[in-house]
Enquirer: 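Take this structure first; my questions come after.
In what follows, chains are A, B, ... by sequence order, proteins preceding strands, each numbered from 1.
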2 protein chains.
Amino acid sequence: MDRYDQEFMKKAIQLAKENVSSGKGGPFGAIVVKDGKIIAEAMNEVTCCDDPTAHAEMVAIRRACRELKTYQLTGCEIYSSCEPCPMCLGAIYWARPDRVYYAGTRKDAAASGFDDDFIYDEMELPPKDRKIPFINLMRNEAVEVFREWDDSEMKVNY
Amino acid sequence: MDRYDQEFMKKAIQLAKENVSSGKGGPFGAIVVKDGKIIAEAMNEVTCCDDPTAHAEMVAIRRACRELKTYQLTGCEIYSSCEPCPMCLGAIYWARPDRVYYAGTRKDAAASGFDDDFIYDEMELPPKDRKIPFINLMRNEAVEVFREWDDSEMKVNY
């Protein structure tokens, strides 16, 4: 951990803090850094914007991609005030930044009533046994669409 | 599986198919149903919209929430042409629909070059050992923000 990393993490934590004082949303902040510069910053916007996907990391990733006009964050780093939940972790893998720094952990989030840890546990259960049941049907029809994708000359891989 | 479910799933698969023929995005479609009616439908928009978070399920959830003016999908069902990736699974748990139906599986997606299965595997590794390293720093400062959240009278739980 160098001074540089600390300054960026301080900023992410500051955003989380401001979101609590303003009452706007959950206690989470995140920034995206490229070449030593902040290119996107975000706070949790779930309740203020009626969007359950608007976690700080998600909003920061979307803003950074808009800024860079790309769907990949190669060469970027994400600083998040808390360990990413499964949704945000998934988004990070799809965006492919170089690395992620986080401050609070999923256990810290759970201690304040957030479901992160619960969701990590649920993912390991067989789909149909989860608290929200996941039911499989019509697999063959879906596989046909994957074959059309494989054969498509217009596809853009991501 | 009743005829009803099949009709909705056919619609989700049809959206996936159209997205491949148009070349707009990945082979994925999803819809949100409430009281037997479709309230949101979506296709994968990652490459066309420079948004790595724009999977079909994510876009459908966000549209359904905008439609219902809420951040919770209680009483709703999601039909997805493919098993949700970790990002979408996380979003589903935060949105809390009653259940999820899916057609293709994560293995089918992997066979067409998608990272879903890889991300599920990566999540189980210790954060610092992942292909995208997750590095913990300044935890104590983040925990202070959770304490401010716990004590806040303005907070809206979600």
Enquirer: Quick check: do B/Met58 and A/Met58 have side-chain heavy atoms less than 4.5 Å from each other?
Expert: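 The answer is yes; the side chains approach within 4.5 Å.
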Enquirer: OH/B/Tyr71 to CG/A/Asp51 distance, rounded to the nearest 0.5 angstrom?
Expert: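 The CG atom of A/Asp51 is 12.5 Å from OH of B/Tyr71, to the nearest 0.5 Å.
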Enquirer: Are B/Ile132 and B/Leu125 co-members of a hydrophobic cluster defined by side-chain heavy atoms under 4.5 Å apart?
Expert: no
Enquirer: Give the minimum heavy-atom separation between A/Pro52 and B/Ile61, together with the two atoms involved.
Expert: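 The answer is CG-CG2, 3.7 Å.
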Enquirer: Based on non-hydrogen pairs under 4.5 Å, which of A/Ser22, A/Gly104, A/Pro27, A/Gly23 is most in contact with chain B?
Expert: A/Pro27
Enquirer: Determine the option with the most heavy-atom pairs under 4.5 angstrom with chain B, choosing from A/Asn157, A/Val143, A/Thr105.
Expert: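 Max contact count across the listed options: A/Thr105.
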Enquirer: So for B/Ala12, is it side chain, backbone, both, or neither that comes closer than 4.5 Å to the heavy atoms of chain A?
Expert: neither
Enquirer: Which bit of B/Asp116 is near chain A, if near means a heavy-atom gap under 4.5 Å: side chain, backbone, both or neither?
Expert: both
Enquirer: Kindly give the heavy-atom pair with the smallest separation between A/Tyr101 and B/Leu137, and that separation in Å.
Expert: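 Taking A/Tyr101 first and B/Leu137 second, the nearest heavy atoms are CD2-CD2, 3.4 Å.
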Enquirer: Using heavy-atom distances under 4.5 Å, tell me whether B/Tyr79 contacts chain A through its side chain, its backbone, both, or neither.
Expert: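 For B/Tyr79, no heavy atom lies under 4.5 Å from chain A.
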Enquirer: What part of B/Asp151 gets within 4.5 angstrom of chain A, counting heavy atoms only: side chain, backbone, both, or neither?
Expert: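 It is neither, since no heavy atom gets under 4.5 Å.
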Enquirer: Please determine which of A/Met154, A/Arg147, A/Glu148 meets the side-chain contact (heavy atoms from CB on, under 4.5 Å) test together with B/Val20.
Expert: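 Output: one option passes, namely A/Glu148.
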Enquirer: Between A/Val156, A/Thr70, A/Asp150, A/Leu68, who has the most heavy-atom pairs with chain B when the cutoff is under 4.5 Å?
Expert: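 Highest number of heavy-atom pairs under 4.5 Å: A/Thr70.
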Enquirer: With a 4.5 Å heavy-atom cut-off, do A/Trp94 and B/Thr53 have their side chains touching?
Expert: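 A/Trp94 does not reach B/Thr53 side chain to side chain.
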Enquirer: Between B/Ala142 and A/Ile13, what is the shortest heavy-atom contact and its length?
Expert: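 B/Ala142 and A/Ile13 have their closest heavy atoms at N-CD1, 4.0 Å.
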Enquirer: Taking every heavy-atom pair that is under 4.5 Å apart, which of B/Met9, B/Gln72, B/Arg139 has the most such pairs with chain A?
Expert: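 With the most close heavy-atom pairs to chain A, the winner is B/Arg139.
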Enquirer: Under a 4.5 Å cut-off applied to non-hydrogen side-chain atoms, are A/Leu89 and B/Ile119 in contact?
Expert: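 SC-SC contact between A/Leu89 and B/Ile119 confirmed.
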Enquirer: Ignoring hydrogens, what is the shortest heavy-atom contact between A/Trp149 and B/Ser112? Give both atom names and the distance.
Expert: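 Nearest heavy atoms, A/Trp149 then B/Ser112: NE1-O, 3.9 Å.
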Enquirer: Hey, does B/Lys10 have a side-chain heavy atom less than 4.5 Å from the side chain of A/Met138?
Expert: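 Of all side-chain heavy-atom pairs linking B/Lys10 with A/Met138, at least one is under 4.5 Å.
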Enquirer: For the residue pair A/Phe114 and B/Tyr158, does the interplanar ring angle fall in the parallel (under 30°), tilted (30 to 60°) or perpendicular (over 60°) class?
Expert: tilted
Enquirer: Among B/Glu153, B/Glu122, B/Arg66, who wins on heavy-atom pairs under 4.5 Å with chain A?
Expert: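 Most pairs with chain A among the choices: B/Glu122.
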Enquirer: Less than 4.5 Å to any heavy atom of chain B: does that hold for the side chain of A/Ala64, its backbone, both, or neither?
Expert: neither
Enquirer: What are the two closest non-hydrogen atoms of A/Phe146 and B/Cys82, and how far apart are they?
Expert: CZ-SG, 3.8 Å
Enquirer: What distance separates B/Gln6 CD from A/Glu141 CD, expressed to the nearest 0.5 Å?
Expert: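 It is 7.5 Å, given to the nearest 0.5 Å.
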Enquirer: Taking every non-hydrogen pair under 4.5 Å, which of A/Asn19, A/Leu73, A/Asp98 racks up the most with chain B?
Expert: A/Asp98
Enquirer: Are side-chain heavy atoms of B/Ser81 and A/Val145 found at a separation under 4.5 Å?
Expert: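 The answer is no; the side chains never approach within 4.5 Å.
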Enquirer: Among B/Lys17, B/Lys24, B/Arg62, which residue forms the greatest number of heavy-atom pairs with chain A at distances under 4.5 Å?
Expert: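 The answer is B/Arg62.
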Enquirer: So A/Asp50 and B/Lys69, salt bridge (Lys or Arg N to Asp or Glu O under 4.0 Å) or not? Walk me through it.
Expert: CA-CA 6 Å; A/Asp50 282 340; B/Lys69 297 184 176 41; over 6 Å; no
Enquirer: Looking at B/Lys131, B/Arg96, B/Lys155, which one has more heavy-atom pairs under 4.5 Å with chain A than the rest?
Expert: B/Arg96
Enquirer: Can you tell if the side chain of B/Arg130 reaches within under 4.5 Å of the side chain of A/Ile92, non-hydrogen atoms only?
Expert: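 No, too far: nothing below the 4.5 Å cut-off.
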Enquirer: Quick one: what part of B/Arg63 sits under 4.5 Å from any heavy atom of chain A, side chain, backbone, both or neither?
Expert: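 It is neither, since no heavy atom gets under 4.5 Å.
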Enquirer: How far apart are the C-alpha atoms of A/Phe134 and B/Glu83, what are their side-chain angles, what is the distance that settles it, and do they pass the side chain to side chain contact (heavy atoms under 4.5 Å, CB included) test?
Expert: CA-CA 8 Å; A/Phe134 281 59; B/Glu83 183 178 357; 5.7 Å; no
Enquirer: Side chain, backbone, both or neither: which part of B/Pro97 has a non-hydrogen atom closer than 4.5 Å to chain A?
Expert: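 For B/Pro97, the contact with chain A is made by backbone and side chain together.
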Enquirer: Could you have a look at A/Ser152, A/Cys65, A/Cys49, A/Gly29 and say which one has the most heavy-atom pairs with chain B under 4.5 angstrom?
Expert: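 It is A/Cys65.
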Enquirer: Consider only side-chain heavy atoms of I, L, V, M, F, W and Y, link residues closer than 4.5 Å, and tell whether A/Ile38 and A/Val59 are in one cluster.
Expert: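 Looking at the clustering, A/Val59 is in a separate group from A/Ile38.
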Enquirer: In the single-linkage hydrophobic clustering (I, L, V, M, F, W, Y; side-chain heavy atoms under 4.5 Å), do B/Ile31 and A/Ile135 co-cluster?
Expert: yes
Enquirer: Are any non-hydrogen side-chain atoms of B/Tyr93 and A/Pro86 less than 4.5 angstrom apart?
Expert: no
